[in-house]
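A note on names: the letters A, B, ... follow the listed sequences, proteins ahead of strands, and every chain is numbered from 1. Quantities reported herein were computed from a predicted structural model and do not represent experimental measurements. What's counted below: heavy atoms across the whole structure, side chains too, no hydrogens, waters or symmetry copies.
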Protein chains: 2
Amino acid sequence: MKKNKLTLKDVAQQLGVSTATISNAFNRPDQLSASRRQEILTACERIGYHGPNKAAQILRKGHSNIVALVLADSIEYIVSDPVASTLIKGVSSVLQAHGKHLLLYAGDAQSIRDVVDFVDGFICYGAPRNVQLAEEINQQDKPVVTVDFNLPGRPAINIDNQQAAYDIARKALNKDDKVAILGLRLIDAPTTCRIYDSPLFEEDRSISHRRLDGYLRAIEEAGLTISNDWIWHIPESGGKYSRQAAQEVLNSAPRPTTILCMSDIIALEVLQCALSMGIKVPQELKITGFDGIDEAARTRPYLTTVCQSSVDKGKAAAQLLLAGDTNSQQLPYVLKKGETC
Amino acid sequence: MKKNKLTLKDVAQQLGVSTATISNAFNRPDQLSASRRQEILTACERIGYHGPNKAAQILRKGHSNIVALVLADSIEYIVSDPVASTLIKGVSSVLQAHGKHLLLYAGDAQSIRDVVDFVDGFICYGAPRNVQLAEEINQQDKPVVTVDFNLPGRPAINIDNQQAAYDIARKALNKDDKVAILGLRLIDAPTTCRIYDSPLFEEDRSISHRRLDGYLRAIEEAGLTISNDWIWHIPESGGKYSRQAAQEVLNSAPRPTTILCMSDIIALEVLQCALSMGIKVPQELKITGFDGIDEAARTRPYLTTVCQSSVDKGKAAAQLLLAGDTNSQQLPYVLKKGETC
DNA sequence: CTGTTAGCGCCTTCAT
DNA sequence: ATGAAGGCGCTAACAG
């Protein structure tokens with residue numbers, strides 16, 4: 001039983017009409033009467049023709065209904081990061097509502113060319129580690145929307161990271177506090193470490209640096225100081241890195257009384273580590289997170305954190321892209337008072 | 001500054017060679033001398049031609065290097081489920097290593113037709129809620145691999161859910177235990193509830209029912225009994241449903257001494273709920289999970305659970321698909337003794 | 001090793 | 001409302 005794919009031409013011949021009529025029946029309802037159209041559609045269904053071949057349509061029409069979501073890191077990382085996967089959720093819900101498809105793209109600069117010819121546009125999440133990728137994406141002329149970073153001349157979705165970091169730090173800090181910061185990707189190093197005087201990584205584009213600015217401003221306004229020895233760099237939230245940082249900071253003397261963490265995952269590690277060391281939270285140690293992930297709300301004590309809606313960021317990005325809007329958008333955030341400070 | 005896309009033909013003309021030569025330089029290195037090829041490639045680079053148009057290649061060659069990952073539920077759900085997102089991780093790592101791309105597909109039966117023409121194959125995770133989708137996928141003739149369920153005539157990736165459930169339950173149960181089961185999708189209902197005598201949902205294909213079989217066998221062998229009043233149905237792990245179930249079961253009299261949960265997320269909710277009620281775990285209450293997600297290891301006390309590697313499942317599925325292998329594969333699992341039983 | 005040519009399957013004027 | 005025809009950009013087979 002051979003299953004030779006029917007082509008539009010075959011069908012036209014079988015039904016004794018022209019190819020244009022079949023094509024119109026599927027793509028341009030206004031070009032023929034409703035009844036005629038219905039007649040043709042059911043005839044097609046009967047003989048097993050499910051509509052024009054998409055590959056040919058993509059070539060012919062020049063668009064595919066596929067949107068690429070470009071991830072800063074490998075898909076491997078992104079998917080295990082709650083914030084990123086929640087973003088995907090938002091993006092996909094909007095795309096789905098518009099009949100678009102989602103290509104999850106995580107590649108090097110080279111291979112962006114694999115998809116640029118048929119994809120309808122790009123949503124980019126997080127500044128690529130790889131500068132060349134960003135350039136490559138920016139040079140092609142399909143629409144682009146960025147999330148959590150900026151690309152010259154392209155619309156971006158962000159929250160005000162600086163202000164959010166400032167707000168939560170201000171809430172946490174009292175005079176006489178000894179404060180430490182657990183930062184994400186502050187310098188260009190593959191391991192957990194204090195930043196000391198290492199040059200800051202991607203300083204202008206990175207949201208981590210906006211957050212750092214906010215923390216530092218709050219620290220200064222609270223009349224406190226912090227030296228670079230008390231600022232940690234963590235290469236990525238997941239895996240062992242956060243735990244290492246948590247242990248280092250909690251075993252440092254004098255032990256900080258407040259730890260500002262740039263992600264909830266980091267904060268949760270600090271929390272667990274502190275509890276198992278018998279440190280009382282928040283009496284002896286205050287902890288703040290960043291992001292507002294579900295897990296932070298499942299855990300006791302509840303984390304004090306900055307809630308930003310990654311779903312909304314994803315939706316906004318997809319909507320911007322589909323609408324062809326070129327205006328950046330700043331989304332709101334909410335401080336969430338938990339039990340950790 | 002107009003940016004008219006260069007075509008292969010344009011380039012051939014500009015360089016004064018035939019189109020075939022250009023095409024070969026990019027696609028079939030063996031068809032011309034290395035030096036000639038290099039010469040052409042650099043010339044192309046110089047004039048800004050990055051290689052043959054992919055949309056045209058897809059039509060011409062009949063494949064796209066795109067693999068669709070078909071999700072049982074909407075992308076929205078799957079991505080927030082740790083098990084599912086970890087699977088994506090495995091799939092994507094293998095695809096990436098082979099230069100393939102990942103289309104995240106979550107649609108209804110209808111729209112599978114949107115992609116079937118250009119996608120190279122399908123990996124399906126979890127039985128679709130929607131029976132028609134499964135049929136539609138099975139009827140087309142591109143390769144398919146399923147994970148955590150079966151499609152007639154297609155290779156599948158699974159663990160032995162029945163045996164795994166049996167093993168962990170056997171470990172947890174003692175005589176005189178009063179046992180409850182928190183199940184996932186046992187019946188066709190949108191709310192958390194006891195199953196009583198509702199007809200079981202998709203009994204043959206569902207992994208939940210394999211797990212249930214394993215639990216029941218262990219219960220029987222331990223000389224215990226359980227009635228359907230003590231088996232809960234939870235429509236999905238995430239969101240409020242697990243919490244509702246946790247509260248219901250812990251507030252039932254007589255309170256169970258052992259609760260077998262079909263996912264770690266469910267088990268974690270039970271654990272949090274129990275702790276906040278002042279119930280001692282495992283002295284007064286034993287809890288088992290299923291899956292072995294990261295979060296379960298970040299939480300104290302550590303969950304006793306069945307660890308299965310979703311990453312490996314994803315990898316295996318992708319490898320099977322790319323290799324064109326049609327043999328199903330059963331992956332190993334490991335019992336993890338935690339502090340909850 | 002290079003050049004020519006016939007489609008891959010469709011959409012869209014244009015003329016009828 | 002229909003039929004004919006020219007591409008979309010490329011590849012593979014074949015001939016040189």
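- Side-chain contact annotation: B/Asn24 with B/Thr21, donor-acceptor N/O pair under 3.5 Å absent.
- Relative orientation of the B/Tyr49 and B/Phe26 rings is perpendicular, given thresholds of 30° and 60° on the angle between their planes.
- Remark: P of D/dA13 and CG of B/Asn24 are 12 Å apart, rounded to the nearest angstrom.
- We find the CD1-OH distance between B/Ile157 and B/Tyr125 to be 13.0 Å, quoted to the nearest 0.5 Å.
- Contact record, B/Ala156 with B/Asn158: CB-ND2, 3.8 Å, taken as the closest heavy-atom pair.
- Contacts between residues 46-57 of chain B and DNA chain C, counted as heavy-atom distances below 4.0 Å, involve no residue at all.
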From CA spacing to verdict: side chain to side chain contact (heavy atoms under 4.5 Å, CB included), B/Ile112, B/Ile137: CA-CA 7 Å; B/Ile112 192 76; B/Ile137 289 175; 3.9 Å; yes
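- Rounded to whole angstrom, the span from the CD1 atom of A/Ile58 across to the P atom of C/dC10 amounts to 13 Å.
- Backbone-only engagement by A/Leu32 is indicated by non-hydrogen atom pairs under 4.0 Å involving sugar-phosphate atoms exclusively.
- Of the side-chain N and O atoms in B/Arg28, one or more sit less than 4.0 angstrom from OP1 or OP2 of D/dA12.
- Straight-line distance from the NE2 atom of B/His63 to the P atom of D/dC10: 15 Å, rounded to whole Å.
- Side-chain contact between A/Pro155 and A/Val145 is present, with heavy atoms from C-beta onward closer than 4.5 Å.
- Atom CG in A/Leu8 sits about 14 Å away from atom C1' in D/dT2, given to the nearest Å.
- Considering all non-hydrogen atoms of both residues, B/Gln140 and B/Arg154 come closest at O-NH2, 2.9 Å.
- For the pair B/Asp30 CG and C/dT2 P, the interatomic distance rounds to 13 Å; values are reported in whole Å.
- Using a 4.5 Å heavy-atom threshold, the side chains of B/His101 and A/Val115 count as touching.
- Across the helix from C/dC1-D/dG16 to C/dT16-D/dA1, the helix axis at one end is tilted relative to the axis at the other end by 30° (nearest 10 degrees, each axis from five pairs).
- Heavy atoms of other residues, nucleotides or ligands lying less than 6.0 angstrom from CD of A/Gln13 number 12 at most.
- Checking D/dG6, D/dG3, C/dC1 against every side-chain atom of B/Ser33, the shortest atom distance belongs to C/dC1.
- Summarising the geometry, the separation between CG on B/Leu15 and C1' on C/dG3 is reported as 15 Å, rounded to the nearest angstrom.
- Counting heavy atoms of neighbouring residues, nucleotides and ligands inside a 6.0 Å radius, atom NZ of B/Lys54 exceeds 12 of them.
- Listed nucleotides: D/dG3, C/dC8, C/dG3. Nearest to the side chain of B/Val17: C/dG3.
- When rounded to the nearest whole Å, the span between CD of A/Gln31 and C1' of D/dT2 equals 11 Å.
- One finds a side-chain N or O of A/Arg36 lying less than 4.0 angstrom from the OP1 or OP2 phosphate oxygen of D/dT2.
- A close approach under 4.0 Å does occur between a side-chain nitrogen or oxygen of B/Asn27 and OP1 or OP2 of D/dT11.
- If you measure from atom NZ of A/Lys61 to atom C1' of D/dG7, you get 16 Å, rounded to the nearest angstrom.
- Nearest to the side chain of B/Ser18, among C/dC11, C/dT2, D/dG3, sits C/dT2.
- Residue A/Thr21 places at least one side-chain N or O closer than 4.0 Å to OP1 or OP2 of D/dT2.
- In this model, the phosphate group of C/dC11 is approached by a side-chain N or O of A/Ser23 to a distance below 4.0 Å at OP1 or OP2.
- If you check every strand for non-hydrogen atoms under 4.0 Å, A/Leu59 touches a base.
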